[in-house]
Amino acid sequence: MGTWRPTSRRLPACLATGPGVPTSRDGEALALSAAESRVEVEVEPRAWEPDARRGEDGSVALCAIQRHWEYMCNHNKDKTKILGDQNVDPTCEDSDNKFDFSVMSYNILSQDLLEDNSHLYRHCRRPVLHWSFRFPNILKEIKHFDADVLCLQEVQEDHYGAEIRPSLESLGYHCEYKMRTGRKPDGCAICFKHSKFALLSVNPVEFYRRDVPLLDRDNVGLVLLLQPKIPSAASPVICVANTHLLYNPRRGDIKLTQLAMLLAEISSVAHQKDGSFCPIVMCGDFNSVPGSPLYSFIKEGKLNYEGLAIGKVSGQEQSSRGQRILSIPIWPPNLGISQNCVYEVQQLPKVEKTDSDLTQTELDKTEVLVTTEKLSSNLQHHFSLSSVYSHYFPDTGIPEVTTCHSRSAITVDYIFYSAEKEDVAEQPGSEVALVGGLKLLARLSLLTEQDLWTVNGLPNENNSSDHLPLLAKFRLEL
């Protein structure tokens, strides 16, 4: 899962040399032009089907990646059944007392960032990197999968206003957008189907804080509260969050603080009158790998970071030599967020005695309590979150990847969700979970690094970001 530098790549069966196919100096076949390599996709919900197109000169264009739906029936991921549309397990069928919805998380690769980091795309043919080629492909994917909720990252502001938002609105989506702070050209968007949800609140989160020197980066998050449009007296709500955390592998302190800020906003938005939280879906590019301390904190609800090297937080780099240890606490008190990742309520203390009336023993006790709280190295959050994806293929143990370019092929994108209580009863931290649960019905399969290099990595003729879209179907029991 470390850095990968391509030397030679196997070609898929549907990529071949023909009389008019250009080749590299070592004879490797190159893909055809953008116009010739477009793939028509049948609107069929089971998969993003491969297709090959033969040119007049007998050459064959690059095929699309095959992905299929994995149905999570009976809550048992270990016995996942991959079913065709004609053979759906009965436990995944509709019933009268449920609300089903689908969520896509997709880092669509800002054009400005692509051009500023061109060294990551040396393996790509130039035409496939143009926005005029990429956007129609991205929109085609979105149309094909037809998710009820879209969580998009690296949404460039000028493209959002001119093309992305109008196109999605024409497909029946309502769009909310939060641009990164500073002079950064992109941001995060959450778009949802008018027919499925009503918007209750929009809550942007800026991770830049002028009064906190640690927080000098321009990343953002966005949290929406949505109400399903169903004839139900219960009127359930769902909290959907989207973010793109800092990339820098050596600034785990900033990443954890940004995550804590997002969790605090989610806690505020999702909190219900009875003290519980409504169901939560948290999507994004977290720039952290599976099994890393940051990832484990999200899933387990707690993290003791004492002695943890700052560069080990996200797991993106293997070596922590020469790196400093995380400070305790990571962020200063004036951020206003507790070690439980909730907003601290500023309360005036009940003063029954003045300081001069306190005995020395009482003063000592007060000092000890304050010192203990300030020096705690334990982070905690009160959500029971599961990952839609398993991150490794069960039969082989080979890692799934969500992003693949010239430098690396790893998982950094996730869809986390509030699992039903019976699914998380054995998980650490579940004793403090007060979260309404979602049932994961299905997920769109991911791929291995080898799979992606058979189609020349990402982006390519059919997949126009350096990330794959993640897609999940959920059920909310009413």
Side-chain angles (χ1 to χ4, degrees), residues 1-5 107 109-110 112-114 116-121 153-154 180-188 205-221 243-263 284-300 302-332 335 337 339 341 377-379 391 399 401-414 449 466-467:
M1 294 183 62
T3 299
W4 192 94
R5 288 180 171 79
N107 181 328
L109 181 56
S110 157
D112 281 2
L113 293 178
L114 182 158
D116 289 345
N117 296 277
S118 58
H119 61 284
L120 299 179
Y121 310 106
Q153 305 88 41
E154 291 195 23
R180 284 202 287 165
T181 51
R183 298 183 178 181
K184 302 301 188 294
D186 65 291
C188 294
V205 185
E206 295 184 355
F207 298 142
Y208 173 82
R209 285 281 297 267
R210 186 177 302 175
D211 58 333
V212 180
L214 172 68
L215 296 172
D216 60 352
R217 308 305 166 95
D218 294 308
N219 307 83
V220 296
T243 194
H244 189 177
L245 299 186
L246 177 70
Y247 166 75
N248 191 333
R250 300 187 178 187
R251 292 310 304 267
D253 51 347
I254 298 178
K255 292 176 192 269
L256 278 174
T257 306
Q258 290 180 344
L259 176 61
M261 295 172 74
L262 181 68
L263 292 171
D285 180 341
F286 290 81
N287 274 315
S288 301
V289 304
S292 66
L294 187 143
Y295 171 89
S296 298
F297 173 52
I298 293 174
K299 285 196 66 177
E300 297 175 8
K302 59 184 180 180
L303 173 67
N304 185 344
Y305 60 86
E306 184 175 5
L308 180 61
I310 196 170
K312 285 286 190 179
V313 169
S314 64
Q316 294 161 285
E317 291 191 346
Q318 299 303 313
S319 173
S320 59
R321 181 178 299 176
Q323 295 178 3
R324 63 182 175 87
I325 303 300
L326 285 170
S327 61
I328 303 176
I330 299 174
W331 57 83
L335 181 59
I337 293 176
Q339 299 298 291
C341 298
S377 61
N378 293 296
L379 295 181
H391 313 309
V401 301
T402 66
T403 181
C404 179
H405 50 64
S406 295
R407 282 270 181 95
S408 68
I410 57 176
T411 285
V412 293
D413 306 280
Y414 303 93
E449 178 180 357
D466 58 351
H467 293 247

Quiz item: Charged N to carboxylate O under 4.0 angstrom, Lys255 versus Asp253?
Solution: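 Asp253 and Lys255: not salt-bridged.
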
Self-check item: Qualifying residue, where the test is side-chain hydrogen bond (donor to acceptor under 3.5 Å, both in side chains) with Asp218 and the options are Lys184, Arg180, Arg183
Solution: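 Per the side-chain hydrogen bond (donor to acceptor under 3.5 Å, both in side chains) rule, the option paired with Asp218 is Lys184, out of Lys184, Arg180, Arg183.
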
Quiz prompt | Single hit among Asn219, Thr402, Asn107 for side-chain hydrogen bond (donor to acceptor under 3.5 Å, both in side chains) with Asp285 | solution =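 Per the side-chain hydrogen bond (donor to acceptor under 3.5 Å, both in side chains) rule, the option paired with Asp285 is Asn107, out of Asn219, Thr402, Asn107.
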
How far apart are the closest heavy atoms of [X] and [Y], and which atoms are they?
| X | Y | result |
| --- | --- | --- |
| Ser288 | Leu294 | OG-CD2, 3.5 Å |
| Lys312 | Pro293 | O-CD, 3.2 Å |
| Cys341 | Ile337 | CA-CG2, 3.9 Å |
| Val289 | Gly315 | CG2-O, 3.5 Å |

Quiz item: Parallel, tilted or perpendicular: which describes the rings of Tyr414 and Tyr295, with under 30° parallel and over 60° perpendicular?
Solution: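 The rings of Tyr414 and Tyr295 sit tilted, inter-plane angle from 30° to 60°.
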
Non-hydrogen side-chain atoms of [X] and [Y] separated by less than 4.5 Å:
| X | Y | answer |
| --- | --- | --- |
| Ile410 | Thr403 | yes |
| Asn287 | Ser314 | no |
| Leu308 | Val313 | yes |
| Trp331 | Gln339 | yes |
| Thr243 | Val205 | no |
| Glu306 | Asn378 | no |
| Arg251 | Ile310 | yes |
| Leu215 | Leu335 | yes |

Separation between [atom1] of [X] and [atom2] of [Y], rounded to the nearest 0.5 Å:
| X | Y | atom1 | atom2 | answer |
| --- | --- | --- | --- | --- |
| Gln323 | Arg250 | CD | CZ | 5.5 Å |
| Gln258 | Arg217 | CD | CZ | 9.0 Å |
| Leu214 | Thr257 | CG | OG1 | 4.5 Å |
| Leu114 | Leu109 | CG | CG | 4.5 Å |
| Leu113 | Asp186 | CG | CG | 5.0 Å |
| Leu262 | Phe286 | CG | CZ | 6.5 Å |

Quiz prompt | Polar side chain donor-acceptor pair, His467 to Asp413, under 3.5 angstrom | solution =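 There is such a pair (donor and acceptor under 3.5 Å, judged by atom type) between the side chains of His467 and Asp413.
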
Quiz prompt | Results of side-chain hydrogen bond (donor to acceptor under 3.5 Å, both in side chains) for Asp112 - residues two or more places apart only | solution =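 Listed in chain order: Gln156.
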
Practice problem: May I ask you to decide if Gly311's main-chain N or O and Glu317's side chain share a donor-acceptor pair within less than 3.5 Å? | Solution: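 No.
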
Quiz prompt | Donor-acceptor contact present, side-chain Ser377 to main-chain Tyr305, <3.5 Å | solution =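 Flag not set: sc Ser377 to bb Tyr305 has no pair under 3.5 Å.
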
Self-check item: Qualifying residues under ring pair (Phe, Tyr, Trp, His ring centres under 6.0 Å), relative to Phe297, sequence neighbours excluded
Solution: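 Phe297: ring pair (Phe, Tyr, Trp, His ring centres under 6.0 Å) contacts with His381.
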
Quiz prompt | Sole residue of Leu259, Val212, Ile254, Leu245 in side-chain contact (heavy atoms from CB on, under 4.5 Å) with Phe207 | solution =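 The option that passes is Leu245.
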
